[in-house]
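Here is the structure we will look at.
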2 protein chains.
Amino acid sequence: MSLRFAIITSLLEREATGLELTRRFDRSFGYFWPASHQQIYRELRSLLDAGLIEEKGDPARPGRGQPRVVGVTEEGVASLRRWIGELDEPRPERSSLAVRIRAAAATGELGGVEDAVRRHLAAHTATLETYREIERRDFADRLLDAEGELHHLVLRSGLANEQAWIGWCEDALELLQRLRRSE
Amino acid sequence: MSLRFAIITSLLEREATGLELTRRFDRSFGYFWPASHQQIYRELRSLLDAGLIEEKGDPARPGRGQPRVVGVTEEGVASLRRWIGELDEPRPERSSLAVRIRAAAATGELGGVEDAVRRHLAAHTATLETYREIERRDFADRLLDAEGELHHLVLRSGLANEQAWIGWCEDALELLQRLRRSE
DNA sequence: CTTGCCATGTAACGCGTTACATGATTCT
DNA sequence: AGAATCATGTAACGCGTTACATGGCAAG
């Protein structure tokens, strides 16, 4: 359900075409809920059918290849407000690295895993740097309004997560190297 | 793909029936790659068809309701060894709490979010406690072999993750309360 | 006029989730 | 005999991913 409401929220911040939305889900919004253009168009269709969003601008621009701007309806805003307070459980964690490490432990095939860990470490390091740049640019110690504070809070979630992964990857590399040397 | 190899790994550690596997994916193995019995039976069928696992024990026990023990074939072990060294990217993070907070920021509807954060905080706290118990029980400072060290490493991944979430949830609650009071 | 980009879509598949179905065995 | 538990499955749906299709428009 979250994609649905992520799209409504993004459209509430500013109405957009499918492609503009796709770009938002490739950067800012995508940092905590990524989505491809295929997912977005599929969901826009469903949101239109449900009457939670509507087409804005010239309706005499039908068909393929033409940009279609959509915005949130009153009912869309109402459904978003209702959803905000709903309770759910954290999504279960899944780590392919952890599976690889258990597999390596079971087979004794330790060699290949190090590269996999290094790849993840590099990816997390790059993401962390991206987040830090955003923090410097948008949240560097000046006074923020409530909305700014909340956006900063969301960014800090990403920062904390990447830092945790980086720390663990370094830990993992250290152990793997130690085990490799003492074979 | 990871579920496939998680199952092979688990069966390599010890052969099992579908239900026994299901229980493993509800505890130990499930802490880093959860799976339901429906997923497991579906995947077992596919692994049997691919010849990566095979039925052990009395083959004159067909049909429904009867336990069927399976084990890994040589080809299964070979495919696992191949997979271990493959490179992939970290799975993209998705946080429904982050979506809710952005939605709250966009609508001004701050009230409901606090409960959602508290629920996640409680869940992460409970999971962390589970992991700590396992650490005390299985990894309390005695000498471990390579396999034990690797299992401990995987557990520490879960520990780090839960701790990161807990820290962020507390941070979030503090901010939400501050914003609520200064309205 | 063709190449490239903007823009909107379709189709098929993989994997996770929810709900339900079927049969064997054991306990009361 | 009925209930509980062990055990194996089916069916349908939701959402993410991959691959491909269609069309408009601008630059060279």
Side-chain angles (χ1 to χ4, degrees), chain A residues 1-8 11 15-26 29-30 32-50 53 55-70 83 88-96 99, chain B residues 1-8 11 15-26 29-30 32-50 53 55-70 83 88-96 99:
Chain A
M1 286 276 79
S2 297
L3 176 58
R4 220 178 161 71
F5 296 102
I7 288 176
I8 295 179
L11 288 176
E15 45 188 54
T17 67
L19 192 62
E20 281 162 6
L21 263 179
T22 299
R23 288 201 232 281
R24 292 183 200 168
F25 279 80
D26 252 9
F29 234 94
F32 51 91
W33 204 280
S36 65
H37 82 271
Q38 292 92 332
Q39 280 177 275
I40 286 167
Y41 284 115
R42 185 204 273 164
E43 199 64 44
L44 285 180
R45 167 58 43 210
S46 146
L47 285 165
L48 280 167
D49 290 348
I53 63 174
E55 219 164 323
K56 299 285 184 179
D58 192 1
R61 295 277 295 286
R64 218 153 177 153
Q66 292 305 99
R68 296 170 59 174
V69 177
V70 290
W83 177 77
D88 65 353
E89 298 295 313
R91 308 165 60 79
E93 283 297 319
R94 286 186 168 83
S95 164
S96 64
V99 178
Chain B
M1 286 277 80
S2 297
L3 175 58
R4 221 179 160 70
F5 295 103
I7 288 177
I8 295 178
L11 288 176
E15 45 188 53
T17 67
L19 191 63
E20 281 163 5
L21 263 179
T22 299
R23 290 202 230 280
R24 294 183 198 168
F25 278 82
D26 252 10
F29 234 94
F32 51 91
W33 203 279
S36 65
H37 82 271
Q38 292 92 333
Q39 279 178 276
I40 285 167
Y41 284 116
R42 184 204 274 162
E43 200 64 43
L44 286 179
R45 167 58 44 209
S46 147
L47 285 165
L48 281 166
D49 291 347
I53 64 174
E55 217 162 324
K56 301 284 184 179
D58 192 359
R61 296 277 295 286
R64 221 154 177 156
Q66 291 305 100
R68 297 170 56 174
V69 177
V70 290
W83 177 77
D88 66 350
E89 299 294 316
R91 308 167 58 83
E93 283 296 319
R94 287 187 167 83
S95 165
S96 63
V99 178

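Residue numbering restarts at 1 for every chain, and letters A, B, ... go by the order of the sequence lines.
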Original post:
Any side-chain N or O of A/Arg42 under 4.0 Å from OP1/OP2 of D/dT17?
Top reply: no
**OP:** Could you please name the option among D/dC25, D/dA19, D/dA7 that lies closest to any side-chain atom of A/Gln66?
**Re:** D/dC25
Original post:
Which part of the nucleic acid does B/Glu43 contact within heavy-atom distance under 4.0 Å: base, sugar-phosphate only, or nothing?
Top reply: nothing
Original post:
Quick one: which of B/Trp83, B/Phe29, B/Trp33 gives a ring-ring contact (aromatic ring centres under 6.0 Å, His included) with B/Phe5?
Top reply: B/Trp83
Subject >> Length of the line joining A/Asp26:CG and D/dT17:C1', which is rounded to integer Å >> reply: 14 Å
**OP:** Please work out if B/Thr22 contacts a base, only the sugar-phosphate, or nothing of the nucleic acid, heavy-atom cut-off 4.0 Å.
**Re:** nothing
Original post:
Closer to the 5' end of DNA chain D via nearest nucleotide, is it A/Gln38 or A/Leu3?
Top reply: A/Leu3
Subject >> Sub-4.5 Å side-chain heavy-atom contact between B/Arg68 and B/Leu48 >> reply: yes
Original post:
Which comes earlier along DNA chain C counting from the 5' end, the contact point of B/His37 or that of B/Arg91, where each point is its nearest nucleotide?
Top reply: B/Arg91
Original post:
Taking A/Gln39 for the side chain and A/Ser36 for the main chain, is one N or O donor matched with an acceptor at less than 3.5 Å?
Top reply: yes
Original post:
Any idea which of D/dC6, C/dG9, D/dC15 is nearest the A/Arg68 side chain?
Top reply: C/dG9
Original post:
With sugar-phosphate meaning primed atoms plus P, OP1 and OP2, does A/Arg4 contact a base, only sugar-phosphate, or nothing at under 4.0 Å between heavy atoms?
Top reply: nothing
Original post:
When we call it a touch if two heavy atoms are under 4.0 Å apart, what does A/Arg45 touch: a base, just sugar-phosphate, or nothing?
Top reply: nothing
Original post:
Has B/Trp33 got a side-chain N or O lying under 4.0 Å from the OP1 or OP2 atom of C/dC15?
Top reply: no
**OP:** Would you indicate, yes or no, if D/dC15 has its OP1 or OP2 atom less than 4.0 angstrom from a side-chain nitrogen or oxygen of B/Arg94?
**Re:** no
**OP:** State which of C/dT18, D/dA7, C/dT8 makes the closest approach to the side chain of B/Tyr41.
**Re:** D/dA7
Original post:
Taking atom P of D/dG14 as reference, at what distance in whole Å does atom CG of A/Asp49 sit?
Top reply: 14 Å
**OP:** Please report, rounded to the nearest Å, how far the C1' atom of C/dT18 is from the CD atom of B/Gln39.
**Re:** 12 Å
